[in-house]
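Here is the structure we will look at.
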Amino acid sequence: MSESSICQARATVMIYDDGNKKWLPAGTGPQAFSRVQIYHNPTNNAFRVVGRKMQTDQQVVINCPIVKGLKYNQATPNFHQWRDARQVWGLNFGSKEDATLFANGMTHALEVLGSMADAGYATLPRPVSNGPSPEELEQQRRLEQQRQEQQERERQERERQERERQERERQERERQAAAASIPPAPPMGGGAPPPPPPPPPPPPPPPPGPPPAPGPPPSSGGGGGAPPPPPGPLPSSGPAAPPAPPLPSGGLGGDGGLAAALAGAKLRKTSK
């Protein structure tokens, strides 16, 4: 029977550089996630870990057998590691669910390999490795934990700053809205009120009246003369008035002579 996959997970495959004391990405090219699987061969009851990059070339970055007595260390919830004959492998999982799934598959494989001694299978000697010591692994675990705590604090700080920024913007919008709704206040101080409007212009002057009557002409002589005769009546289209009757005979002295003179003047004026 051919091999079959008993579990798979998404993780970045790492190898430990013992000379420089640091982790490096496995394979060539930039670091990327790989699909890491545990295969079981039921013919010889063997297990191995195979990982291929989740890219077009599907580069194989790990092909590691699982042997009895392998120490699988879950350094952090997302970072697990173990040793083989050549080096120390590390898996940086994309999620805690991927890490739990792969750890369960590894535990199952180690349990099956552990039970093989009771069936008469020869145990393989444990390979010697120059990988990190338990103290170094513990230090790496603490550093990874501190890094995750620092990331969590930074995330919380960013969220707090974002909330403060949004609160300041909200208060500024409310202040601007309140300022726009308040009418401007009247000017301060006790100045005099504005002057009243000017009075309307005076009415036009009345039209001029009739000219005054002419005064009497100056008298001639010693002042005993008669006043001038009044103006005659306006001409009419009818027949002329008849002449006045003659004065009665008999001389009138004093006032009679003045009356006769007035009557004669009227008669002359009419005849004209």
Side-chain angles (χ1 to χ4, degrees), residues 6-38 47-55 59-111 113-114 126-168:
I6 63 172
C7 74
Q8 67 176 4
R10 188 172 65 102
T12 301
V13 182
M14 313 289 290
I15 57 175
Y16 186 74
D17 184 354
D18 191 62
N20 295 320
K21 305 297 182 183
K22 65 178 181 180
W23 290 95
L24 300 175
T28 59
Q31 181 176 343
F33 278 109
S34 300
R35 180 178 291 105
V36 185
Q37 298 173 284
I38 297 179
F47 297 87
R48 62 174 178 153
V49 179
V50 178
R52 294 180 175 88
K53 282 189 176 182
M54 300 173 65
Q55 294 178 340
Q59 178 188 4
V60 176
V61 291
I62 183 173
N63 186 6
C64 172
I66 301 175
V67 297
K68 181 181 177 181
L70 181 145
K71 300 299 182 183
Y72 186 75
N73 180 28
Q74 301 183 35
T76 69
N78 283 12
F79 188 80
H80 299 177
Q81 58 192 17
W82 71 93
R83 300 172 179 172
D84 69 357
R86 296 176 301 165
Q87 56 201 5
V88 178
W89 296 96
L91 297 179
N92 193 8
F93 294 98
S95 66
K96 292 181 179 180
E97 291 75 13
D98 285 329
T100 301
L101 181 63
F102 190 85
N104 292 338
M106 180 66 76
T107 301
H108 171 72
L110 293 175
E111 290 176 351
L113 294 174
R126 179 178 176 180
V128 179
S129 174
N130 293 326
S133 63
E135 291 79 8
E136 291 175 340
L137 292 176
E138 177 64 21
Q139 183 180 4
Q140 293 171 9
R141 185 190 66 80
R142 288 195 301 266
L143 292 175
E144 179 68 18
Q145 184 176 0
Q146 292 174 2
R147 184 182 64 82
Q148 292 180 354
E149 292 175 354
Q150 178 67 20
Q151 291 177 350
E152 179 65 18
R153 286 193 297 268
E154 293 176 354
R155 183 187 63 81
Q156 293 176 357
E157 179 65 18
R158 288 193 299 270
E159 291 179 353
R160 183 186 64 81
Q161 293 177 357
E162 179 66 18
R163 289 194 300 268
E164 291 179 354
R165 184 186 64 80
Q166 293 177 356
E167 179 64 17
R168 288 194 300 269

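The basis for the numbers below is simple: all heavy atoms, side chains too, and nothing from hydrogens, waters or symmetry mates.
- For the atom pair Q81 CD and I15 CD1, the distance stands at 13.5 Å (nearest 0.5 Å).
- Here the side chains of R158 and E154 are in contact, with some heavy-atom distance below 4.5 Å.
- For the residue pair Q161 / E157, a side-chain donor-acceptor distance below 3.5 Å is found, with atom types taken as modelled.
- The shortest distance between side-chain heavy atoms of H80 and Q74 falls below 4.5 Å.
- What you find for C7 and G105 is that their closest heavy atoms are SG-CA, 4.0 Å.
- Tested against V49 for a side chain to side chain contact (heavy atoms under 4.5 Å, CB included), the candidates N63, D84, I62, V13 yield a single pass: I62.
- In the model, Q146 has no side-chain atom that pairs as donor or acceptor with a side-chain atom of Q150 under 3.5 Å.
- Rounded to the nearest 0.5 angstrom, N78 CG and Q148 CD are separated by 6.0 Å.
- Across every non-hydrogen atom of A11 and L91, the tightest pair is CB-CB, 4.3 Å.
- For the residue pair V61 and G27, the shortest heavy atom distance occurs at CG1-CA, 4.0 Å.
- By the 30° and 60° cut-offs, the orientation of the rings of W82 relative to F102 is parallel.
- Rounded to the nearest 0.5 angstrom, R83 CZ and Y16 OH are separated by 10.5 Å.
- Counting heavy atoms from C-beta on, the side chains of V67 and L113 never come closer than 4.5 Å.
- Here the CD atom belonging to Q59 is positioned 8.0 Å from the OG atom belonging to S34, to the nearest 0.5 angstrom.
- Considering all non-hydrogen atoms of both residues, G94 and F33 come closest at CA-CE2, 3.8 Å.
- With rounding to the nearest 0.5 Å, the separation of CD1 in I38 from CE in M106 is 4.5 Å.
- Here M14 contributes atom CE and Q31 contributes atom CD; the two are 5.0 Å apart, rounded to the nearest 0.5 Å.
- With contacts defined as side-chain heavy-atom distances shorter than 4.5 Å, the pair W23/V88 qualifies.
- Taking both residues in full, the closest heavy atoms of P77 and A99 are given as O-CB, 3.2 Å, listed atom of the first, atom of the second, then distance.
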